[in-house]
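Order of the sequence lines fixes the chain letters, A, B, ..., with proteins taken first and strands second; residue numbering starts at 1 for each chain.
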2 protein chains.
Amino acid sequence: MGTRERIIDTANRLFYEQGYEQTSFASIAQAVGISRGNFYYHFKTKDEILDAVIEARLSSTREMLTTWSDESPDPLERVRRFVEIVITNQRDIENYGCPVGTLTNELAKLDHPSREHAVGVFDVFRTWLGGQFELLGAPDEADALAMHVLSFSQGVAAVSNAFHDRDFVEREVARMNTWLTEQLRQSSSPTR
Amino acid sequence: MGTRERIIDTANRLFYEQGYEQTSFASIAQAVGISRGNFYYHFKTKDEILDAVIEARLSSTREMLTTWSDESPDPLERVRRFVEIVITNQRDIENYGCPVGTLTNELAKLDHPSREHAVGVFDVFRTWLGGQFELLGAPDEADALAMHVLSFSQGVAAVSNAFHDRDFVEREVARMNTWLTEQLRQSSSPTR
DNA sequence: GACTAGGTAGGACAATCGTCCTAGGGCCGT
DNA sequence: ACGGCCCTAGGACGATTGTCCTACCTAGTC
C-alpha cells in the first residue's frame with residue numbers, strides 16, 4: 001500500500017476517533033511513520049486530506065452496500081443488515097459515535113465547505129435504503145422510510161455513545177425489526 | 001448580570017455553535033467584550049469553564065422540565081412537548097445539531113474527564129421522561145420508553161442537521177406522537 | 001558515470017493556543 | 001484623605017498549529 005493510501009487510511013481513523021479539527025498534521029504523520037515534510041508532498045492542505053478521506057468513505061460505503069446487495073437476495077434482509085450495524089460496530093460507536101453523523105456535525109459547526117461533501121455519505125445510505133424499500137413494494141414512501149431508518153441508526157448511535165448501554169441497543173434493534181415487518185405488511189398488501 | 005454569568009452564557013452559546021475545542025479563550029473574551037486577563041480572573045482553565053457551562057445547562061434543563069410539569073397536567077402532553085423540541089428548536093438544530101448529543105460526543109472523542117458530567121444532562125431528560133411514563137401507568141418499561149424517546153430526538157436532530165429537511169422532522173414527530181398514543185393504550189389497559 | 005525525477009526528511013515561518021503574571025483602576029470603610 | 005480589595009487590562013511565556021521551503025536520497029535512463 002502506497003504512502004498516499006496509508007495517509008488517507010490513518011487520517012480516516014484519526015478523524016473518526018479524535019475529530020477532524022483535533023487531529024493535527026503532526027499526529028497523522030507520526031501515526032503513519034513519515035515526516036511532516038513528506039506529508040506535505042502528498043497533501044498541500046488539511047482540507048485536501050479531508051476531501052480524500054470523505055472520498056474514501058464514499059467509495060468504501062458504496063462497495064459495502066454492493067456487497068450486501070450481492071449477498072442477500074431479500075431486500076428486507078439487506079435493510080436489517082443496515083439496522084444491525086449499531087450492534088456490529090458497537091464498540092466503536094460506544095467510544096466515538098457514528099462516523100458519518102459526527103463528522104457531518106463537526107463540519108457543520110466549523111461552517112466547513114466540505115460539509116455537503118460529507119453529507120454525501122448519508123446520501124449513499126439514503127438512496128440505497130430507498131431502493132430496497134422500492135423493491136419491497138413501497139415506492140411512494142420509500143424515501144420517507146429510508147430517512148426513518150437513517151434517523152433510527154443516528155439516534156441509537158448517539159444514545160449508545162452517551163450511555164454505553166448494550167441492552168438498550170438490542171432493544172431498539174428488535175423494535176425496529178418488528179416495525180419493519182409490520183410496516184411492509186401494510187405497504188405490500190393494502191387491505192383497504 | 002455579572003461578568004461571570006455573562007462569560008458562562010457566551011461560552012455556552014459558542015460551545016454549542018462552534019464546538020468546545022474550536023472555541024478559544026480569546027474568542028469568548030472578545031464575544032463578552034472583556035480582556036483575556038480579566039477572563040483568567042474568573043476561570044483559571046478551559047475545563048473550569050466547561051464544567052460551569054455544563055452546570056448551567058443542568059440547572060436550566062431541570063428548570064425547563066419543572067416548568068413543563070407545572071404547565072401541563074397530563075404527563076402525555078409533557079412527553080409530547082419534549083418530542084416537539086426538534087420542531088421548536090428547528091433552526092438551531094439544523095445549524096448545530098442537538099446541544100446535548102454533540103457536546104457529549106465531542107468530549108467522548110477528546111477522552112475528556114468531563115464527559116460523564118455532560119452525560120448528566122441526558123440523565124436529567126431520561127429520568128424526567130421515565131417519571132412521566134410511570135405516571136402513565138407503565139412502571140416496568142418506563143425507562144426503556146424514556147430511552148426510546150431520547151433516541152428518537154437524537155436521531156431526528158442528527159438527520160435534520162445533515163439534510164435540513166423540515167418535512168422529515170414533522171413526519172417523524174407525527175409518527176412518534178401516534179406511536180406514543182398506541183403504546184400507552186397497550187400499557188395502561190392490558191387486554192390479556 | 002552523469003543526469004533526471006519522484007519521493008523523503010527536517011526545519012523555518014507567522015499565527016494562535018492555553019496559561020500565567022503584573023500593573024492599575026474604582027469603590028469601600030475609616 | 002487614605003489603605004485595602006475586588007475587578008480589569010494587556011502583555012509575556014512556551015508549545016503547537018497549518019503551511020511552506022530546501023536539501024538530500026534513491027532508482028532508472030542515456
Asn38(B) side-chain N/O to dA9(D) phosphate OP1/OP2 under 4.0 Å
yes
Atom pair distance, as rounded to whole Å: OH in Tyr41(A) and P in dA5(C)
12 Å
Just to confirm, is there a sub-4.0 Å distance from OP1 or OP2 of dT8(C) to any side-chain nitrogen or oxygen of His42(A)?
yes
Quick one, Arg166(B) and Glu94(B) - any side-chain contact, counting heavy atoms below 4.5 Å?
yes
Quick one: which of dC6(D), dG10(C), dG10(D) gets closest to the side chain of Ser35(A)?
dG10(C)
Closest nucleotide among dA9(D), dG7(C), dG18(C) to the Lys46(B) side chain:
dG18(C)
Whole-Å gap separating P (dC20(C)) and CZ (Arg36(B))
14 Å
Tyr20(A) and Asp47(A) side chains, donor-acceptor separation under 3.5 Å
yes
Hey, does the side chain of Gln22(A) reach the backbone of Gln18(A) with a donor-acceptor pair shorter than 3.5 angstrom?
no
Nearest to the side chain of Tyr40(B) - dT19(C), dT17(D), dA9(D)?
dT19(C)
Distance, rounded to the nearest Å, where Phe25(B) contributes CZ and dA15(C) contributes P
23 Å
5' precedence on DNA chain D between Gly33(B) and Gly37(A) (nearest-nucleotide basis)
Gly33(B)
Whether Arg57(A) engages the ring of Phe15(A) as a cation-pi pair (distance to the six-membered ring centre under 6.0 angstrom, angle to the ring normal within 45°) should be assessed.
no
